[in-house]
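Excluded from the calculations below are hydrogen atoms, water molecules and symmetry mates; all remaining heavy atoms, backbone and side chain alike, are included. Here is how names work: the chains are called A, B, and so on, in the same order as the sequence lines, proteins then strands, and each is numbered from 1.
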Amino acid sequence: MKRTKVIDILKSTAFGSEVTVMGWVRTKRDSKTIAFIAVNDGSVIHNIQAVVDVANFDTELLKSISTGACVSITGTLVQSQGKGQSSEIQAKKIEVFGTADDTFPLQKKGHTLEFLREIAHLRPRTNTFGAVLRVRHHLAYGIHKFFNDKGFFYLNSPIITSSDAEGAGEMFRVTTLDMDKLPRKDGKLNFEEDFFGKETNLTVSGQLEGEAAATGIGQIYTFGPTFRAENSNTPRHLAEFWMIEPEAAFNDINDNMDLAEEMLKYLVKYALDNCADDLTFLNNMYDKDLLNRLNTVVHSTFKRITYTEGVDILEKSGHKFEFPVKWGIDLQREHESFLVEHFKTPVIVTGYPKEIKAFYMKQNEDGKTVRAMDVLFPYVGEIIGGSQREENYDKLKARILEMGIDEKTLWWYLELRKFGTCPHAGFGLGLERLVLFITGMTNVRDVIPFPRTPKNAEF
RNA sequence: UCCUCAAUAGCUCAGUUGGUUAGAGCACCUGACUGUUAAUCAGGGGGUCGUAGGUUCAAGUCCUACUUGAGGAGCCA
(Lines give C-alpha, C1' and ligand atoms only; values in the text may rest on other atoms or scores of the structure.)
Protein backbone atom coordinates (compact mmCIF):
# COMPACT_ATOMS: atom_id res chain seq x y z
CA MET A 1 0.00 0.00 0.00
CA LYS A 2 1.21 3.46 -0.91
CA ARG A 3 2.39 5.47 2.02
CA THR A 4 0.67 8.60 3.23
CA LYS A 5 2.77 11.32 4.78
CA VAL A 6 2.10 12.20 8.39
CA ILE A 7 1.28 15.77 7.41
CA ASP A 8 -1.56 14.46 5.23
CA ILE A 9 -2.73 11.83 7.68
CA LEU A 10 -3.10 14.45 10.39
CA LYS A 11 -5.20 16.61 8.07
CA SER A 12 -7.41 13.72 7.03
CA THR A 13 -10.89 13.14 8.42
CA ALA A 14 -11.48 9.99 6.40
CA PHE A 15 -11.99 7.90 9.52
CA GLY A 16 -12.39 4.22 8.83
CA SER A 17 -10.17 4.25 5.79
CA GLU A 18 -6.89 2.40 5.63
CA VAL A 19 -3.56 4.24 5.63
CA THR A 20 0.11 3.32 5.66
CA VAL A 21 2.60 5.48 7.48
CA MET A 22 6.34 5.06 7.10
CA GLY A 23 8.73 6.77 9.43
CA TRP A 24 10.95 6.69 12.46
CA VAL A 25 9.76 5.73 15.92
CA ARG A 26 10.04 8.55 18.41
CA THR A 27 8.68 6.70 21.41
CA LYS A 28 6.94 3.44 22.18
CA ARG A 29 4.82 3.06 25.28
CA ASP A 30 3.49 -0.36 26.06
CA SER A 31 1.59 -2.36 28.61
CA LYS A 32 0.44 -5.96 28.65
CA THR A 33 -2.22 -5.73 25.99
CA ILE A 34 -1.75 -2.41 24.26
CA ALA A 35 1.14 -0.42 22.87
CA PHE A 36 1.44 3.05 21.45
CA ILE A 37 4.03 3.94 18.82
CA ALA A 38 4.67 7.58 17.91
CA VAL A 39 5.95 7.81 14.34
CA ASN A 40 7.51 10.81 12.65
CA ASP A 41 8.41 10.98 8.97
CA GLY A 42 9.76 14.52 8.84
CA SER A 43 6.96 15.88 6.69
CA VAL A 44 5.73 17.84 9.68
CA ILE A 45 6.87 18.31 13.26
CA HIS A 46 3.96 16.31 14.67
CA ASN A 47 3.90 12.55 15.13
CA ILE A 48 1.12 10.15 14.30
CA GLN A 49 0.27 7.65 17.00
CA ALA A 50 -0.23 4.03 16.07
CA VAL A 51 -2.24 1.92 18.52
CA VAL A 52 -1.19 -1.71 18.68
CA ASP A 53 -3.28 -4.54 20.07
CA VAL A 54 -0.41 -6.62 21.40
CA ALA A 55 -2.29 -9.90 21.01
CA ASN A 56 -2.43 -9.49 17.24
CA PHE A 57 1.32 -9.20 16.71
CA ASP A 58 4.43 -11.29 17.12
CA THR A 59 6.14 -10.51 20.43
CA GLU A 60 9.61 -10.41 18.88
CA LEU A 61 8.46 -7.97 16.21
CA LEU A 62 7.05 -5.59 18.82
CA LYS A 63 10.20 -5.96 20.90
CA SER A 64 12.34 -4.92 17.96
CA ILE A 65 10.51 -1.62 17.71
CA SER A 66 12.34 0.92 19.82
CA THR A 67 13.10 4.63 19.66
CA GLY A 68 14.89 5.26 16.40
CA ALA A 69 13.61 2.23 14.51
CA CYS A 70 12.18 2.73 11.04
CA VAL A 71 8.78 1.17 10.47
CA SER A 72 5.89 0.90 8.09
CA ILE A 73 2.53 0.68 9.78
CA THR A 74 -0.71 0.01 8.00
CA GLY A 75 -4.00 0.37 9.76
CA THR A 76 -7.32 2.10 10.10
CA LEU A 77 -7.42 5.82 10.61
CA VAL A 78 -9.65 6.43 13.62
CA GLN A 79 -10.59 9.20 15.94
CA SER A 80 -8.45 8.92 19.02
CA GLN A 81 -9.94 7.42 22.15
CA GLY A 82 -7.28 9.05 24.25
CA LYS A 83 -6.44 12.63 24.95
CA GLY A 84 -3.59 14.50 23.30
CA GLN A 85 -4.34 13.81 19.67
CA SER A 86 -7.46 13.85 17.53
CA SER A 87 -6.66 10.94 15.25
CA GLU A 88 -4.53 7.81 15.30
CA ILE A 89 -3.91 4.61 13.42
CA GLN A 90 -5.29 1.30 14.67
CA ALA A 91 -2.43 -0.93 13.50
CA LYS A 92 -3.17 -4.00 11.36
CA LYS A 93 0.20 -4.65 9.82
CA ILE A 94 3.66 -3.62 10.95
CA GLU A 95 6.88 -3.97 9.02
CA VAL A 96 10.22 -3.04 10.53
CA PHE A 97 12.56 -1.57 7.92
CA GLY A 98 15.39 -1.06 10.33
CA THR A 99 15.87 -1.52 14.04
CA ALA A 100 17.86 0.82 16.27
CA ASP A 101 19.73 -0.98 19.03
CA ASP A 102 20.67 0.38 22.42
CA THR A 103 23.60 2.30 20.96
CA PHE A 104 21.23 4.66 19.13
CA PRO A 105 22.30 8.00 20.59
CA LEU A 106 19.04 9.93 20.39
CA GLN A 107 16.90 9.45 23.44
CA LYS A 108 13.46 10.72 24.22
CA LYS A 109 14.77 13.32 26.58
CA GLY A 110 16.40 16.51 25.48
CA HIS A 111 19.90 16.68 24.09
CA THR A 112 22.23 19.62 24.08
CA LEU A 113 22.79 21.27 20.71
CA GLU A 114 26.53 20.74 21.20
CA PHE A 115 26.04 16.99 21.45
CA LEU A 116 23.79 16.95 18.40
CA ARG A 117 26.52 18.71 16.39
CA GLU A 118 28.71 15.68 17.01
CA ILE A 119 26.06 13.45 15.46
CA ALA A 120 25.07 15.74 12.61
CA HIS A 121 24.10 12.72 10.51
CA LEU A 122 21.32 11.90 12.97
CA ARG A 123 20.26 15.45 13.84
CA PRO A 124 17.57 15.54 11.14
CA ARG A 125 15.64 12.97 13.19
CA THR A 126 15.09 15.41 16.02
CA ASN A 127 12.19 17.80 16.34
CA THR A 128 14.49 20.80 16.47
CA PHE A 129 16.46 20.01 13.34
CA GLY A 130 13.41 18.84 11.48
CA ALA A 131 11.91 22.26 12.20
CA VAL A 132 15.07 24.18 11.32
CA LEU A 133 15.64 22.27 8.09
CA ARG A 134 12.05 22.78 6.98
CA VAL A 135 12.24 26.50 7.76
CA ARG A 136 15.52 26.72 5.89
CA HIS A 137 13.94 25.10 2.85
CA HIS A 138 10.95 27.42 2.87
CA LEU A 139 13.22 30.44 3.16
CA ALA A 140 15.33 29.29 0.22
CA TYR A 141 12.17 28.85 -1.81
CA GLY A 142 10.87 32.21 -0.60
CA ILE A 143 14.08 33.90 -1.71
CA HIS A 144 13.74 32.53 -5.24
CA LYS A 145 10.08 33.50 -5.27
CA PHE A 146 10.74 37.03 -4.05
CA PHE A 147 13.36 37.77 -6.67
CA ASN A 148 11.57 35.97 -9.45
CA ASP A 149 8.42 37.96 -8.76
CA LYS A 150 10.43 41.17 -8.91
CA GLY A 151 11.99 40.29 -12.24
CA PHE A 152 15.43 39.36 -10.97
CA PHE A 153 17.20 36.53 -12.80
CA TYR A 154 18.94 33.75 -10.90
CA LEU A 155 22.62 33.85 -11.81
CA ASN A 156 25.02 30.99 -11.23
CA SER A 157 28.27 32.76 -10.45
CA PRO A 158 31.39 30.58 -10.52
CA ILE A 159 32.48 28.70 -7.44
CA ILE A 160 36.10 28.47 -8.57
CA THR A 161 37.62 31.90 -9.13
CA SER A 162 41.01 33.39 -9.86
CA SER A 163 40.06 36.72 -8.40
CA ASP A 164 41.90 37.39 -5.17
CA ALA A 165 41.35 41.13 -4.86
CA GLU A 166 37.93 41.29 -3.36
CA GLY A 167 39.27 41.69 0.11
CA ALA A 168 36.40 39.70 1.53
CA GLY A 169 38.57 37.27 3.41
CA GLU A 170 41.09 34.46 3.34
CA MET A 171 40.51 31.90 0.62
CA PHE A 172 40.64 28.15 0.13
CA ARG A 173 43.02 27.19 -2.64
CA VAL A 174 41.87 24.97 -5.47
CA THR A 175 44.61 22.94 -7.07
CA THR A 176 45.42 19.64 -8.73
CA LEU A 177 49.15 20.01 -8.13
CA ASP A 178 50.89 17.12 -6.39
CA MET A 179 51.50 18.42 -2.89
CA ASP A 180 54.55 16.19 -2.54
CA LYS A 181 56.14 17.46 -5.75
CA LEU A 182 55.22 21.09 -6.16
CA PRO A 183 56.55 22.61 -9.38
CA ARG A 184 58.76 25.63 -8.90
CA LYS A 185 60.02 28.33 -11.15
CA ASP A 186 62.51 30.94 -9.98
CA GLY A 187 62.00 29.70 -6.44
CA LYS A 188 58.26 30.33 -6.51
CA LEU A 189 55.36 27.97 -7.03
CA ASN A 190 54.66 27.64 -10.72
CA PHE A 191 50.91 27.83 -11.13
CA GLU A 192 51.25 27.61 -14.89
CA GLU A 193 51.40 23.87 -14.34
CA ASP A 194 48.21 23.88 -12.27
CA PHE A 195 44.85 22.82 -13.71
CA PHE A 196 43.72 26.31 -14.70
CA GLY A 197 47.19 27.59 -15.45
CA LYS A 198 46.85 30.15 -12.69
CA GLU A 199 46.19 30.40 -8.99
CA THR A 200 42.57 29.58 -8.20
CA ASN A 201 40.41 29.61 -5.08
CA LEU A 202 36.91 28.90 -3.91
CA THR A 203 34.73 31.99 -4.24
CA VAL A 204 34.37 34.39 -1.35
CA SER A 205 31.66 36.33 -3.20
CA GLY A 206 29.84 36.20 -6.50
CA GLN A 207 29.43 39.95 -6.53
CA LEU A 208 31.93 40.91 -9.20
CA GLU A 209 30.52 38.38 -11.66
CA GLY A 210 27.06 39.45 -10.52
CA GLU A 211 27.84 43.00 -11.56
CA ALA A 212 28.88 41.78 -15.00
CA ALA A 213 25.54 40.03 -15.43
CA ALA A 214 23.49 42.89 -13.96
CA THR A 215 25.04 45.34 -16.39
CA GLY A 216 23.60 43.23 -19.19
CA ILE A 217 20.37 41.65 -18.07
CA GLY A 218 19.50 44.32 -15.54
CA GLN A 219 18.67 42.58 -12.31
CA ILE A 220 20.20 39.37 -11.02
CA TYR A 221 20.71 37.50 -7.81
CA THR A 222 23.16 34.78 -6.95
CA PHE A 223 22.37 32.12 -4.39
CA GLY A 224 25.13 29.67 -3.74
CA PRO A 225 27.83 28.40 -1.46
CA THR A 226 30.51 30.82 -0.36
CA PHE A 227 33.82 30.00 1.27
CA ARG A 228 35.93 31.90 3.74
CA ALA A 229 39.10 30.39 5.19
CA GLU A 230 39.09 32.77 8.13
CA ASN A 231 39.94 31.24 11.47
CA SER A 232 36.66 32.51 12.87
CA ASN A 233 35.30 30.78 15.93
CA THR A 234 32.00 32.46 16.65
CA PRO A 235 28.32 31.49 16.60
CA ARG A 236 27.89 33.65 13.49
CA HIS A 237 30.64 32.39 11.16
CA LEU A 238 31.06 29.37 8.93
CA ALA A 239 33.85 28.45 6.54
CA GLU A 240 31.19 27.34 4.05
CA PHE A 241 27.93 29.22 4.00
CA TRP A 242 25.21 30.22 1.57
CA MET A 243 24.94 33.76 0.37
CA ILE A 244 22.33 35.59 -1.64
CA GLU A 245 23.68 38.51 -3.65
CA PRO A 246 21.27 40.61 -5.65
CA GLU A 247 22.70 43.18 -8.03
CA ALA A 248 20.56 45.70 -9.90
CA ALA A 249 21.51 48.05 -12.68
CA PHE A 250 20.30 51.65 -12.22
CA ASN A 251 19.74 51.20 -8.49
CA ASP A 252 21.30 53.74 -6.18
CA ILE A 253 21.98 53.31 -2.47
CA ASN A 254 18.39 54.22 -1.56
CA ASP A 255 16.93 51.71 -3.99
CA ASN A 256 19.36 49.22 -2.49
CA MET A 257 18.07 49.89 1.02
CA ASP A 258 14.47 49.67 -0.15
CA LEU A 259 15.19 46.31 -1.76
CA ALA A 260 16.95 44.93 1.31
CA GLU A 261 14.20 46.03 3.68
CA GLU A 262 11.42 44.76 1.45
CA MET A 263 13.19 41.43 0.99
CA LEU A 264 13.84 40.84 4.68
CA LYS A 265 10.28 41.66 5.68
CA TYR A 266 8.96 39.48 2.87
CA LEU A 267 11.07 36.54 4.02
CA VAL A 268 10.15 36.85 7.68
CA LYS A 269 6.49 37.01 6.71
CA TYR A 270 6.96 34.12 4.31
CA ALA A 271 8.32 32.02 7.16
CA LEU A 272 5.48 33.03 9.48
CA ASP A 273 2.94 32.11 6.80
CA ASN A 274 4.52 28.83 5.72
CA CYS A 275 6.25 27.46 8.81
CA ALA A 276 3.73 28.17 11.55
CA ASP A 277 3.97 24.76 13.25
CA ASP A 278 7.75 24.69 13.25
CA LEU A 279 8.10 28.28 14.42
CA THR A 280 5.57 27.67 17.18
CA PHE A 281 7.62 24.68 18.31
CA LEU A 282 10.84 26.72 18.30
CA ASN A 283 9.08 29.55 20.09
CA ASN A 284 7.92 27.20 22.84
CA MET A 285 11.13 25.23 23.20
CA TYR A 286 13.86 27.81 22.78
CA ASP A 287 12.69 31.38 22.81
CA LYS A 288 9.28 32.46 24.03
CA ASP A 289 9.68 35.84 22.34
CA LEU A 290 10.48 34.48 18.87
CA LEU A 291 7.08 34.86 17.18
CA ASN A 292 6.58 38.23 18.75
CA ARG A 293 9.97 39.39 17.49
CA LEU A 294 9.31 38.14 13.97
CA ASN A 295 5.96 39.88 13.83
CA THR A 296 7.55 43.08 15.07
CA VAL A 297 10.08 43.04 12.23
CA VAL A 298 7.40 42.50 9.61
CA HIS A 299 5.53 45.58 10.76
CA SER A 300 8.55 47.75 11.50
CA THR A 301 10.20 50.44 9.45
CA PHE A 302 13.94 49.94 9.46
CA LYS A 303 15.76 52.90 10.94
CA ARG A 304 18.15 54.40 8.39
CA ILE A 305 21.09 56.41 9.65
CA THR A 306 24.46 57.46 8.34
CA TYR A 307 27.67 56.28 9.87
CA THR A 308 28.30 59.84 11.04
CA GLU A 309 24.90 59.97 12.77
CA GLY A 310 25.57 56.57 14.30
CA VAL A 311 28.89 57.68 15.73
CA ASP A 312 27.18 60.80 17.06
CA ILE A 313 24.51 58.74 18.84
CA LEU A 314 27.14 56.45 20.34
CA GLU A 315 29.29 59.34 21.50
CA LYS A 316 26.38 61.17 23.09
CA SER A 317 24.95 58.04 24.69
CA GLY A 318 27.24 58.35 27.68
CA HIS A 319 27.61 54.57 27.47
CA LYS A 320 31.08 53.25 28.25
CA PHE A 321 32.24 51.09 25.35
CA GLU A 322 35.17 48.74 25.46
CA PHE A 323 36.27 50.25 22.16
CA PRO A 324 35.94 54.04 22.36
CA VAL A 325 33.91 55.59 19.56
CA LYS A 326 35.57 58.03 17.20
CA TRP A 327 34.72 59.04 13.64
CA GLY A 328 36.82 56.85 11.38
CA ILE A 329 36.82 53.64 13.39
CA ASP A 330 34.90 50.63 12.19
CA LEU A 331 31.78 49.99 14.24
CA GLN A 332 32.42 47.17 16.69
CA ARG A 333 29.88 44.57 17.57
CA GLU A 334 29.09 46.33 20.85
CA HIS A 335 28.37 49.51 18.90
CA GLU A 336 26.10 47.77 16.43
CA SER A 337 24.22 46.07 19.23
CA PHE A 338 23.79 49.41 20.98
CA LEU A 339 22.29 51.03 17.88
CA VAL A 340 19.83 48.18 17.32
CA GLU A 341 18.87 48.33 20.98
CA HIS A 342 18.66 52.13 20.85
CA PHE A 343 16.11 52.16 18.02
CA LYS A 344 14.44 48.85 18.99
CA THR A 345 14.26 47.96 15.31
CA PRO A 346 16.55 46.79 12.52
CA VAL A 347 18.98 49.55 11.57
CA ILE A 348 20.57 50.35 8.22
CA VAL A 349 23.83 52.27 8.45
CA THR A 350 25.17 54.01 5.35
CA GLY A 351 28.01 56.35 4.42
CA TYR A 352 30.99 54.64 6.04
CA PRO A 353 34.50 56.09 5.86
CA LYS A 354 36.09 54.85 2.65
CA GLU A 355 39.19 53.63 4.50
CA ILE A 356 37.30 50.83 6.23
CA LYS A 357 35.32 49.62 3.21
CA ALA A 358 36.00 47.76 -0.03
CA PHE A 359 37.52 49.35 -3.12
CA TYR A 360 34.44 48.97 -5.31
CA MET A 361 32.05 51.10 -3.26
CA LYS A 362 30.80 54.35 -4.73
CA GLN A 363 32.63 57.33 -3.36
CA ASN A 364 30.58 60.19 -2.03
CA GLU A 365 31.12 63.83 -3.00
CA ASP A 366 32.67 64.59 0.38
CA GLY A 367 35.72 62.55 -0.60
CA LYS A 368 35.64 60.83 2.77
CA THR A 369 32.76 58.38 2.73
CA VAL A 370 31.38 55.67 0.48
CA ARG A 371 27.84 54.50 -0.23
CA ALA A 372 28.08 51.35 1.82
CA MET A 373 25.21 49.92 3.79
CA ASP A 374 25.06 47.43 6.62
CA VAL A 375 21.75 46.07 7.83
CA LEU A 376 21.94 45.35 11.54
CA PHE A 377 19.51 42.95 13.15
CA PRO A 378 18.80 42.16 16.76
CA TYR A 379 20.60 39.01 18.00
CA VAL A 380 22.46 38.26 14.75
CA GLY A 381 24.15 41.61 14.10
CA GLU A 382 25.15 42.29 10.54
CA ILE A 383 22.78 40.32 8.36
CA ILE A 384 23.41 42.23 5.13
CA GLY A 385 26.38 44.12 3.78
CA GLY A 386 26.17 45.99 0.51
CA SER A 387 26.73 49.17 -1.42
CA GLN A 388 26.16 51.23 -4.46
CA ARG A 389 29.11 50.42 -6.74
CA GLU A 390 31.61 52.88 -8.12
CA GLU A 391 30.70 53.13 -11.78
CA ASN A 392 33.25 55.81 -12.71
CA TYR A 393 36.24 54.18 -14.39
CA ASP A 394 38.84 56.72 -13.27
CA LYS A 395 37.65 56.86 -9.67
CA LEU A 396 37.52 53.08 -9.41
CA LYS A 397 40.96 52.65 -10.91
CA ALA A 398 42.40 55.33 -8.64
CA ARG A 399 40.95 53.58 -5.62
CA ILE A 400 42.35 50.22 -6.72
CA LEU A 401 45.83 51.71 -7.06
CA GLU A 402 45.46 53.60 -3.80
CA MET A 403 44.70 50.38 -1.94
CA GLY A 404 47.58 48.54 -3.55
CA ILE A 405 45.40 46.02 -5.34
CA ASP A 406 46.76 44.32 -8.46
CA GLU A 407 44.64 45.89 -11.19
CA LYS A 408 45.64 43.27 -13.76
CA THR A 409 43.36 40.62 -12.24
CA LEU A 410 40.51 43.13 -12.33
CA TRP A 411 40.84 44.07 -15.99
CA TRP A 412 37.44 42.69 -16.84
CA TYR A 413 35.81 44.33 -13.82
CA LEU A 414 37.24 47.68 -14.91
CA GLU A 415 35.97 47.14 -18.44
CA LEU A 416 32.42 47.07 -17.07
CA ARG A 417 33.06 50.78 -16.38
CA LYS A 418 34.94 51.36 -19.60
CA PHE A 419 32.09 50.21 -21.80
CA GLY A 420 28.59 51.55 -21.21
CA THR A 421 28.96 51.95 -17.48
CA CYS A 422 25.85 52.51 -15.37
CA PRO A 423 24.96 53.18 -11.78
CA HIS A 424 24.19 49.96 -9.94
CA ALA A 425 23.99 48.54 -6.46
CA GLY A 426 23.69 45.27 -4.60
CA PHE A 427 24.22 43.47 -1.34
CA GLY A 428 24.99 40.15 0.24
CA LEU A 429 22.63 38.34 2.58
CA GLY A 430 23.96 35.52 4.72
CA LEU A 431 21.39 32.74 4.57
CA GLU A 432 22.47 31.17 7.85
CA ARG A 433 22.19 34.47 9.69
CA LEU A 434 18.70 34.92 8.33
CA VAL A 435 17.74 31.38 9.35
CA LEU A 436 19.30 32.04 12.72
CA PHE A 437 17.15 35.08 13.27
CA ILE A 438 13.98 33.42 12.05
CA THR A 439 14.36 30.16 13.97
CA GLY A 440 15.62 31.72 17.19
CA MET A 441 18.62 29.39 17.19
CA THR A 442 21.75 31.00 18.58
CA ASN A 443 24.54 29.36 16.59
CA VAL A 444 24.80 29.19 12.78
CA ARG A 445 26.24 25.68 13.14
CA ASP A 446 22.72 24.62 14.09
CA VAL A 447 20.97 26.04 11.04
CA ILE A 448 23.06 24.37 8.31
CA PRO A 449 22.92 20.58 7.90
CA PHE A 450 26.65 19.91 8.06
CA PRO A 451 28.61 22.90 9.35
CA ARG A 452 32.12 23.60 8.14
CA THR A 453 34.18 25.43 10.74
CA PRO A 454 37.88 25.48 11.67
CA LYS A 455 38.90 21.92 12.66
CA ASN A 456 35.53 20.50 11.71
CA ALA A 457 34.62 18.82 8.43
CA GLU A 458 33.59 15.44 9.78
CA PHE A 459 30.47 14.76 7.80
C1' U B 1 44.38 34.27 16.09
C1' C B 2 43.60 36.37 21.32
C1' C B 3 40.85 36.05 26.17
C1' U B 4 37.63 33.10 29.51
C1' C B 5 35.38 28.59 30.85
C1' A B 6 34.64 23.40 30.35
C1' A B 7 35.77 17.86 29.53
C1' U B 8 33.32 12.13 35.04
C1' A B 9 28.35 6.00 32.40
C1' G B 10 25.17 6.21 25.77
C1' C B 11 22.94 11.41 27.36
C1' U B 12 22.44 15.42 31.30
C1' C B 13 25.01 16.20 35.58
C1' A B 14 26.74 15.66 41.14
C1' G B 15 31.36 14.30 43.34
C1' U B 16 32.96 18.69 49.90
C1' U B 17 39.58 20.97 52.64
C1' G B 18 43.30 15.54 47.85
C1' G B 19 41.66 10.01 51.51
C1' U B 20 38.08 3.15 51.44
C1' U B 21 34.77 -0.07 46.38
C1' A B 22 33.22 7.23 41.83
C1' G B 23 27.03 8.49 42.43
C1' A B 24 21.99 10.23 40.51
C1' G B 25 18.21 10.99 36.69
C1' C B 26 17.22 9.57 31.81
C1' A B 27 18.43 5.75 28.12
C1' C B 28 19.17 0.23 27.85
C1' C B 29 17.85 -5.00 29.82
C1' U B 30 14.20 -8.03 32.99
C1' G B 31 9.46 -8.00 35.26
C1' A B 32 4.44 -5.59 36.49
C1' C B 33 0.34 -2.78 34.39
C1' U B 34 -6.30 -2.76 29.42
C1' G B 35 -5.71 3.94 26.50
C1' U B 36 -0.44 5.73 27.08
C1' U B 37 1.29 11.06 25.98
C1' A B 38 9.28 12.70 27.38
C1' A B 39 3.73 6.76 30.43
C1' U B 40 4.29 4.82 35.45
C1' C B 41 6.23 1.22 39.23
C1' A B 42 10.10 -2.60 40.89
C1' G B 43 14.84 -4.75 39.90
C1' G B 44 19.50 -5.18 36.90
C1' G B 45 23.88 -4.36 33.83
C1' G B 46 26.95 -0.23 32.51
C1' G B 47 33.20 4.01 34.12
C1' U B 48 41.01 3.51 31.84
C1' C B 49 37.13 10.39 35.32
C1' G B 50 39.60 13.96 27.38
C1' U B 51 45.25 12.67 26.32
C1' A B 52 50.36 12.85 28.10
C1' G B 53 53.48 14.17 31.90
C1' G B 54 54.26 15.96 37.01
C1' U B 55 53.51 16.90 42.60
C1' U B 56 52.02 13.52 46.71
C1' C B 57 52.03 8.05 51.17
C1' A B 58 47.50 8.91 48.26
C1' A B 59 44.80 12.60 42.38
C1' G B 60 38.22 12.59 39.33
C1' U B 61 40.04 16.63 42.71
C1' C B 62 46.45 20.19 42.64
C1' C B 63 50.31 21.77 38.56
C1' U B 64 52.10 21.87 33.16
C1' A B 65 51.37 20.89 28.04
C1' C B 66 48.25 19.22 24.33
C1' U B 67 43.37 17.90 22.15
C1' U B 68 38.33 18.89 21.69
C1' G B 69 34.06 21.87 22.74
C1' A B 70 31.50 26.42 24.26
C1' G B 71 31.20 31.76 25.09
C1' G B 72 33.46 36.69 24.24
C1' A B 73 36.76 39.64 20.71
C1' G B 74 38.67 40.30 15.78
C1' C B 75 37.33 39.19 10.55
C1' C B 76 32.62 39.30 8.12
C1' A B 77 27.45 37.34 5.61
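Comparing A:F115 and A:K83 along RNA chain B, the residue whose closest nucleotide (by nearest heavy atom) sits nearer the 5' end is A:F115. Between A:E382 and A:R117, the residue anchored nearer the 5' end of RNA chain B, judged by the nucleotide with its closest heavy atom, is A:R117.
Separation of the C1' atoms belonging to B:C62 and B:A70 is 24 Å when rounded to the nearest angstrom. Here, B:C5 and B:G44 have their P atoms 41 Å apart, quoted to the whole Å. Nucleotides B:A42 and B:U48 are separated by 29 Å at their P atoms, to the nearest Å.
No contact: A:E334 has no heavy atom under 4.0 Å from any strand. No engagement by A:E245 is indicated, since no non-hydrogen atom pair under 4.0 Å with the nucleic acid exists. Note on A:S31: a base of the nucleic acid sits closer than 4.0 angstrom, heavy atoms only. Contacts of A:I383 with the nucleic acid, taken as non-hydrogen atoms under 4.0 Å apart, involve only primed sugar atoms and P, OP1 or OP2. Within 4.0 Å (heavy atoms only), A:S80 reaches at least one base atom of the nucleic acid. Residue A:H111 is classed as a sugar-phosphate contact, given heavy-atom separations below 4.0 Å to backbone atoms only. Within the nucleic acid shown, A:T112 comes within 4.0 Å of sugar-phosphate atoms alone, with no base atom in reach, counting heavy atoms only.
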Please determine whether ring pair (Phe, Tyr, Trp, His ring centres under 6.0 Å) holds for the pair A:F338 and A:F321, giving the CA-CA distance in whole Å, both sets of side-chain angles, and the decisive distance to 0.1 Å.
CA-CA 10 Å; A:F338 184 91; A:F321 294 104; 5.4 Å; yes
Please report the C-alpha distance between A:Y379 and A:F437 in whole Å, then the side-chain angles of each, then the deciding distance to 0.1 Å, and finally whether the ring pair (Phe, Tyr, Trp, His ring centres under 6.0 Å) criterion is met.
CA-CA 7 Å; A:Y379 291 86; A:F437 178 75; 7.4 Å; no
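A 3.5 Å limit on both hydrogen-bonding distances identifies B:A73 as the Watson-Crick or G-U partner of B:U1. Across all strands shown, B:U51 forms a Watson-Crick or G-U wobble pair, both distances under 3.5 Å, with B:A65. Partner assigned to B:A24 is B:U12, using Watson-Crick or G-U wobble distances below 3.5 angstrom.
Contact annotation: A:K63 side-chain N/O to B:U30 OP1/OP2 distance is under 4.0 Å. Between B:U37 and A:R26, no contact under 4.0 Å exists linking OP1 or OP2 to a side-chain N or O. For the OP1/OP2 pair of B:G71 and a distance below 4.0 Å, the side-chain nitrogens and oxygens of A:N443 include at least one atom meeting the criterion. Proximity of A:K108 to the phosphate of B:C11: no side-chain N or O atom is located under 4.0 Å from OP1 or OP2. The phosphate of B:G71 (OP1 or OP2) has no side-chain N or O of A:T234 nearer than 4.0 angstrom. One finds a side-chain N or O of A:R445 lying less than 4.0 angstrom from the OP1 or OP2 phosphate oxygen of B:A70.
Atom CG of A:L396 is separated from atom CD of A:E390 by 6.5 Å, given to the nearest 0.5 angstrom.
Checked by distance alone, A:Q107 brings a side-chain donor or acceptor within 3.5 Å of a matching partner on the base of B:G10. Side chain A:R333 to base B:C76: no donor-acceptor pair is found below 3.5 Å. Taking 3.5 Å as the limit, the base of B:G69 and the side chain of A:E114 contain no donor-acceptor pair of atoms between them.
Using a 5.5 Å limit on the distance between ring centres and a 30° limit on the angle between planes, the aromatic ring of A:F36 does not count as stacked on the six-membered base ring of B:A39.
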